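For reference, the structure is listed below as structure tokens.
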Amino acid sequence: MASPIVVEDRPAPLDATADPPAVFDGTTRLYTSYVCPFAQRVWITRNFKGLQEKIKLVPLDLGNRPDWYKEKVYPENKVPALEHNGKIIGESLDLIKYLDNTFEGASLYPEDHAKREFGDELLKYADTFYKTMYASLKGDPSKETPPVLDYLENALYKFDDGPFFLGQLSLVDIAYIPFMERFQIVLNEFFKFDVTAERPKLSAWIKELNKVDAYAQTKIDPKEIMEIFKKKFM
Ligand SMILES: N[C@@H](CCC(=O)N[C@@H](CS)C(=O)NCC(=O)O)C(=O)O
């Protein structure tokens, strides 16, 4: 079960003029960006586990990033990064596992061996998925994306005890949904290509995820998605 619904105000992103937080003062902080799909994975995980009080959001303006972020916090200069117990941890897939294993709250990975094995395979495939989707924008998505979309559609038939990849909501769904959110909009708007057409499982999966408050609260305005993609990828 998800934790009770918490409605949060989004703090304003910090830009180059902002002072740094009191780094390594014992506060657990998620350095993030509201528009970053990798960071969104960690944000959803935090929300679902009910860690809003324990893990403070520190959103950055990536286009005008403060120098102190690279210098004092995360030399990689990327989001997401988590400050916890005197250290900084990066990489979204590592972070969602870290949050699930380290903090209290609902578990996001099943105990069942077959589900874990399939979950590991799907988590590995997440890079192939998003890279194929981004690369397709330079060509014809209606030809280049069906293999990866069909892989996901077929994967959704594997367990029938719920609409999610491993039946119940897990880290696997959280790894994919930020990217699906963006590509559903962008492919529809710019290429008139519907990722869910003739993919009933995928369509139901997206609908069910939209009912999950921990995710719904992290969505960004579709107009903003289209502007970002127009500027950066097309
Ligand atoms: N592999 C990383 C990718 C993180 C990433 O690329 N984040 C982007 C924003 S969406 C970023 O911080 N870019 C800043 C930059 O590259 O300078 C992860 O999974 O966390």
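Just so we're clear, the structure is a prediction, and the values are computed from it rather than from any experiment. All ligand and atom numbering here is 1-based and tracks the order in the structure.
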Option nearest atom 2 (C) of ligand 1 (shortest heavy-atom distance, choices K70, E76, E91) | E91
Check each atom of ligand 1 against the heavy atoms of C36 and keep those under 4.0 Å away; list them by number with element.
-> 7 (N), 9 (C), 10 (S)
R65: heavy atom below 4.0 Å from ligand 1, yes or no?
-> yes
Expected output: side-chain T218 to main-chain Y215 donor-acceptor under 3.5 Å = yes
L62: numbered ligand 1 atoms lying under 4.0 Å from its heavy atoms = 9 (C)
Atom pair NZ (K78) and SG (C36), whose distance is rounded to the nearest 0.5 Å = 9.5 Å
In the protein, which heavy atom is nearest to atom 8 (C) of ligand 1, and how far is it?
-> V79 O, 3.9 Å
Has P80 got any heavy atom lying under 4.0 angstrom from an atom of ligand 1?
-> yes
Among protein heavy atoms, which sits nearest to atom 16 (O) of ligand 1, and what does the distance come to when rounded to 0.1 Å?
-> K78 CE, 3.7 Å
From the list I174, I55, L51, side chain to side chain contact (heavy atoms under 4.5 Å, CB included) with T45 holds only for I174
Distance-only N or O hit between ligand 1 and S92, under 3.5 Å = yes
Run the numbers on F179 and F129 for ring pair (Phe, Tyr, Trp, His ring centres under 6.0 Å), then give the verdict.
-> CA-CA 9 Å; F179 296 93; F129 173 70; 7.2 Å; no
Aromatic Y157 / basic K201 pairing, under 6.0 angstrom, 45° off normal | yes
Between L95 and ligand 1, which residue portion shows a heavy-atom distance shorter than 4.0 Å: side chain, backbone, both, or neither?
-> neither
Cation over ring, K158 on F118, under 6.0 Å and within 45°?
-> yes
Y34 six-ring centre to R10 NZ/CZ under 6.0 Å and within 45° of normal | yes
